[in-house]
Amino acid sequence: MKRYNPKEIEPKWQNVWSKQKLYAAIDFDKRTKYIMLTEFPYPSGDGLHMGHIREYTYGDVLARFRRMQGHNVLYPMGYDAFGLPTENYAIKNKISPQEATDKNVATFQKQLEEMGYSIDWNRSFCTSDPRYYLWTQWLFLQFFKAGLAYQAEIAINWCPHCKTGLSNEEVINGRHERCDTLVEKRLLKQWLLRITDYAERLLEGLKDVDYPSRIADQQKNWIGRSEGANINFYSIDDVKKNHPITVFTTRPDTLFGATFLVLAPEHPLVEIITKDDHKDVVHSYVKQTQSKTDIERQATEREKTGVFIGAYALNPVTGTNIPIWIADYVLGGYGTGAIMAVPAHDERDWEFAQKYHLPVMRVIKNDDPDEMCTLKPGTMINSGDFNGMKSTEATTAIISFIEKEGFGSKKIQYKLRDWIFSRQHYWGEPIPIIHCPEHGAVAVPDDQLPVELPVLERYEPTDNGESPLSAITDWVNTTCPVCNSPAKRETDTMPNWAGSSWYYLRYYDPHNNEAFADKPKLEYWGAVDLYLGGMEHTTLHLLYSRFWHQFFYDQGLVPTPEPFAARRGQGIILAADGSKMSKSKGNVVNPSDILDSGYGADALRLAIIFLAPYDQTTPWSPESVAGTHRFLQRVWTLVREYIDTKPSTKEDDSDELKQVIHPLIFKVTTDLERLSFNTAIAACMQTVNDLYHLKAKDGFTATNWEWALKTLLQLISPFAPHISEELWHDLNEEHSIHVSPWPDYDKTLIVKKTVTIAVQVNGKLRGSIEIERDAPEEEVIAKAKEQPKVASYLKEQIIRKSVYVNNRLVNFVL
RNA sequence: GCGGAUGUGGUGGAAUUGGUAGACACGCUAGCCUUAGGAGCUAGUGCCCUCUGGGCGUGAAGGUUCAAGUCCUUUCAUCCGCACCA
């Protein structure tokens with residue numbers, strides 16, 4: 001018998017598929033289009049890791065499934081090449097980032113091909129290719145022209161290790177998400193994108209897409225919408241009311257209980273309002289705060305600190321003078337950077353008031369004791385005309401009142417901040433802006449795009465917050481596109497999230513030199529049907545690309561309001577001991593080692609999918625590949641034995657084969673629809689076991705066997721494309737199994753004619769009986785009573801009740 | 001603290017609506033076979049007992065029900081995201 005040798009058949013079929021362009025997606029094809037998108041990889045020097053294998057195998061299984069169902073499937077792949085790791089890798093290996101990228105992309109491509117993924121390679125690209133980033137730059141300029149890209153001198157998160165500024169999304173617990181270094185605050189002139197203008201849209205859009213709640217909720221949480229009011233207070237010395245101290249509050253109902261104000265130490269009014277005799281202590285407090293990193297500010301969480309600035313403000317509704325303090329528990333970056341403190345109804349204010357002996361005024365009466373801080377609603381007290389009102393109603397009433405009186409207004413506040421878009425690094429898209437002394441920031445004209453990255457000798461990041469590009473004077477010095485006078489290029493580059501914010505659109509039309517994508521093609525392909533990716537990108541890439549896409553939609557550049565109709569997030573593969581795989585721990589499992597060991601891609605594909613449900617994080621088990629290899633070996637033997645022995649030609653009048661295969665078609669089809677890959681494979685294993693048993697009975701015609709085996713191979717083919725293709729051709733099929741139509745099931749054959757009924761006595765299983773499906777209840781109960789073991793329990797007992805569940809069980813209650 | 005999830009054999013995991021808990025695999029045990037292999041085949045494998053029978057069993061404790069892994073209440077543990085967000 002021909003042996004199963006994955007090392008031989010896998011490359012063979014990969015070549016055939018590639019020559020036949022079997023997986024090419026066809027623009028404007030009449031079949032229904034289906035875009036199966038997986039996140040494109042960052043081509044690091046380490047090659048593919050298990051997470052890639054998991055994600056792309058899931059994507060490939062679904063792509064193959066949809067293709068066989070008759071869809072015009074686009075399953076694309078590209079490379080997200082700009083960014084710090086490549087730059088660091090290049091510096092370390094003393095090669096240019098371009099070279100490093102080319103080298104790494106080649107490795108990735110080879111590995112992806114070895115896995116047998118049904119990718120349309122003709123549509124592949126790399127974000128660091130000038131033909132691609134020309135359009136990243138062009139799209140950035142659309143933001144700029146619409147006023148959504150702007151420059152500002154702001155305190156940003158600075159990673160001292162990577163020597164670059166970071167967006168808020170890139171900072172995790174005060175550390176840079178990539179290198180885990182503590183971030184510092186630095187004041188730098190930065191480019192920002194007004195993602196906050198899209199806060200409401202990003203929330204609203206979630207209603208129109210199919211995202212699991214854990215993804216949608218995480219985005220909602222990140223956007224952090226809260227309703228309240230902005231209220232203006234004035235220092236009692238500010239008689240002309242030149243400097244309103246605006247506070248944001250979600251509890252306007254507690255306005256009468258505001259007994260002091262707290263400003264963030266970095267609040268711009270601090271310097272203006274502070275009394276001269278308090279300036280020393282205020283300055284030193286401000287200085288002390290600035291020297292703290294966010295981590296240190298959080299470490300002092302329990303012990304709140306602050307200083308009185310010597311000034312008082314007027315509470316506009318009570319007419320009392322309330323002291324103004326500064327404290328670092330008030331954040332400069334959220335709301336207005338100032339709060340009205342209501343110690344009776346806010347725990348933080350309460351804590352602060354206790355420590356510094358500040359007055360407390362209870363304005364809501366409820367079950368909680370009067371001398372305590374309470375967050376619960378209740379009845380208004382000490383609140384003038386609002387007394388006696390329910391606090392929940394007072395919120396809107398007080399907002400109306402302050403709006404009428406002109407010292408405040410309703411306000412919706414978001415936690416989301418504008419996206420810091422500048423990076424002070426070499427390996428990124430140059431921001432296509434020219435700074436003219438006369439005209440300020442000017443867009444590079446379209447015909448001068450792309451602004452190519454100059455080839456440099458040295459591209460190490462600098463410590464001074466300037467991009468290495470700033471040292472290239474003949475590149476920096478240019479002329480203003482408006483007035484032709486000497487001007488300077490912007491030297492910051494874009495974050496690595498830029499290229500990935502729109503990459504999926506480029507797959508629709510990857511070779512277009514006139515536009516980022518052709519309109520009719522954008523119309524044809526529409527939204528991505530299913531996007532698989534990692535949970536870690538929920539508030540980074542996924543949010544960013546939704547923002548870009550929504551903006552493009554507003555500009556008439558794309559036909560759909562949302563980029564991804566459905567999104568799912570797969571779980572992480574951990575090391576065998578349940579810890580995270582990491583280079584430093586040395587517990588990284590390398591997929592190419594598994595391939596090289598001779599098991600082959602099919603066994604690895606099955607193993608990683610069979611391991612656990614799609615969205616579950618789970619430890620890798622090294623033995624699992626041996627198990628799935630064994631299964632494939634059994635499939636191979638089953639089919640090859642049939643071919644080699646050409647079995648009996650006996651008449652077959654039973655439905656036994658059909659009753660094994662049709663339920664399997666049903667099971668695999670429905671499981672793939674609901675992304676339950678592991679159970680689909682389990683069902684295939686079960687069926688192979690069943691077929692071995694049926695084979696021993698030897699009572700089937702060749703036609704029926706051949707039908708059963710071919711159907712089995714078709715159902716396995718999305719998971720194990722090589723072995724199924726090989727055996728399919730061994731069974732004398734001419735065309736590829738992967739373009740054969742997905743088998744249909746006969747509804748009447750997916751259920752057995754007889755069913756096993758469990759018989760319980762007092763809810764305990766005592767036996768089982770075989771009956772015809774849908775037999776009448778009386779007949780089943782009568783038969784159940786006769787079951788010997790059951791009968792012994794029923795003897796000399798009175799049956800109080802008999803419960804019958806159709807085709808499932810009988811329960812006698814005594 | 002807020003938001004989301006998860007707890008089932010030695011292990012990974014099954015159990016679409018309340019209806020035979022442990023499918024499928026890994027591992028293990030015994031036997032067979034052999035070209036001694038990363039084999040293959042057969043049987044067994046939740047725990048306990050006085051073992052042709054019976055009891056217990058889905059993190060814990062209650063509850064609803066003829067019937068609960070599944071529903072309700074309380075609680076514990078773990079993981080992920082956010083976190084002094086006013």
Side-chain angles (χ1 to χ4, degrees), chain A residues 172-173 212-222 224 226 228 247-251 254 262 297-298 300-302 304 327-331 333-342 345-349 351-352 413-416 535-536 538-539 569 571-572 574 576 578 597-599 606-607 610-613 615-631 633-634 637 670-671 674 676 678-689 692 756-768 789 800-814:
Chain A
I172 310 291
N173 291 331
S213 61
R214 61 180 181 147
I215 294 178
D217 288 348
Q218 207 175 306
Q219 288 207 342
K220 277 182 208 160
N221 220 291
W222 186 262
S226 46
V247 304
F248 173 69
T249 178
T250 53
R251 297 290 306 275
T254 63
V262 188
R297 264 173 95 158
Q298 278 171 32
T300 59
E301 195 177 327
R302 294 288 152 234
K304 288 186 180 17
D328 65 5
Y329 81 91
V330 175
L331 307 172
Y334 180 74
T336 59
I339 61 154
M340 63 176 207
V342 186
H345 304 289
D346 181 285
E347 282 173 350
R348 295 152 302 181
D349 298 341
E351 200 185 310
F352 197 74
Q413 187 67 49
Y414 302 92
K415 286 188 206 170
L416 187 72
M535 286 301 294
E536 70 275 20
T538 301
T539 53
I572 300 164
L574 304 171
S597 70
Y599 283 127
L606 277 175
F610 182 56
L611 198 63
D615 53 6
Q616 193 169 307
T617 291
T618 204
W620 172 247
S621 120
E623 299 82 22
S624 60
V625 192
T628 52
H629 177 76
R630 201 171 297 160
F631 164 68
Q633 184 74 59
R634 277 168 69 76
T637 307
T670 51
D671 277 359
R674 64 188 181 114
S676 183
N678 56 330
T679 53
I681 292 171
C684 292
M685 290 173 164
Q686 174 96 68
T687 299
V688 168
N689 292 342
Y692 265 89
T756 311
I757 300 272
V759 185
Q760 298 180 334
V761 179
N762 281 340
K764 296 212 162 141
L765 182 69
R766 296 303 178 191
S768 62
K789 212 190 272 180
R800 288 211 340 248
K801 191 175 176 186
S802 304
V803 182
Y804 176 58
V805 183
N806 196 29
N807 296 327
R808 287 208 181 259
L809 63 64
V810 176
N811 188 14
F812 296 110
V813 185
L814 304 179

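Just so we're clear, the structure is a prediction, and the values are computed from it rather than from any experiment. Numbered from 1 within each chain, the chains take letters A, B, ... in sequence-line order.
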Rounded distance in Å - CD (A:Q219) to P (B:C80): 20 Å

Who pairs with A:Y599 by ring pair (Phe, Tyr, Trp, His ring centres under 6.0 Å), at least two apart in sequence or on another chain? A:H629

Relative to the 5' end of RNA chain B, which residue comes earlier, A:T249 or A:T679, by the nucleotide with the nearest heavy atom? A:T679

With both distances under 3.5 angstrom, what nucleotide forms a Watson-Crick or G-U wobble pair with B:U64? none

Table of protein N/O atoms under 3.5 Å from nucleotides 61-66 of chain B N/O atoms:
{"from": "B:C66", "atom 1": "O2'", "to": "A:N811", "atom 2": "ND2", "distance (Å)": "3.2"}
{"from": "B:C66", "atom 1": "O2", "to": "A:N811", "atom 2": "ND2", "distance (Å)": "2.8"}

Distance between P atoms of B:A68 and B:U6 (Å, rounded): 22 Å

Given atom CG of A:L765 and atom P of B:G19, what is their separation to the nearest angstrom? 15 Å

Per the atom types in the model, does the base of B:C84 pair as donor or acceptor with the side chain of A:K304 at under 3.5 Å? yes

Which base, if any, makes a Watson-Crick or G-U wobble pair with B:G3, both distances under 3.5 Å? B:C80

Can you sort out the partners of A:W620 under side-chain hydrogen bond (donor to acceptor under 3.5 Å, both in side chains), two or more places apart, ordered by chain and number? none

Per-nt protein contacts along nucleotides 41-46 of chain B (heavy atom under 4.0 Å; B base, S backbone sugar-phosphate only, - none) come out as S-----

Within 90° of 0 counts as syn, otherwise anti: where does B:G31 fall? anti

Considering residues at least two apart in sequence or located in another chain, which fulfil the side chain to side chain contact (heavy atoms under 4.5 Å, CB included) criterion with A:K220? A:L203, A:L206, A:D217

Please identify each residue that fulfils side-chain hydrogen bond (donor to acceptor under 3.5 Å, both in side chains) with A:S676, with sequence neighbours left out. A:T679

Residues passing the side-chain hydrogen bond (donor to acceptor under 3.5 Å, both in side chains) test with A:S802, sequence neighbours excluded, are none

Hits for side-chain hydrogen bond (donor to acceptor under 3.5 Å, both in side chains) against A:R634, two or more places apart or cross-chain, chain-then-number order -> A:N689

Contact pattern, 5' to 3', of nucleotides 4-12 of chain B - B, S or - by protein heavy atom under 4.0 Å: S-------B

Residues at least two apart in sequence or cross-chain that pass side chain to side chain contact (heavy atoms under 4.5 Å, CB included) with A:I215, listed by chain then number, are A:Y211, A:P212, A:M535, A:T538, A:L542, A:R567

Those residues at least two apart in sequence (or on a different chain) that pass side chain to side chain contact (heavy atoms under 4.5 Å, CB included) with A:L814 are A:V761, A:N762, A:L794, A:Q797, A:I799

Tell me every residue that passes side chain to side chain contact (heavy atoms under 4.5 Å, CB included) with A:K764, counting only those two or more places apart in sequence or in another chain. A:R766

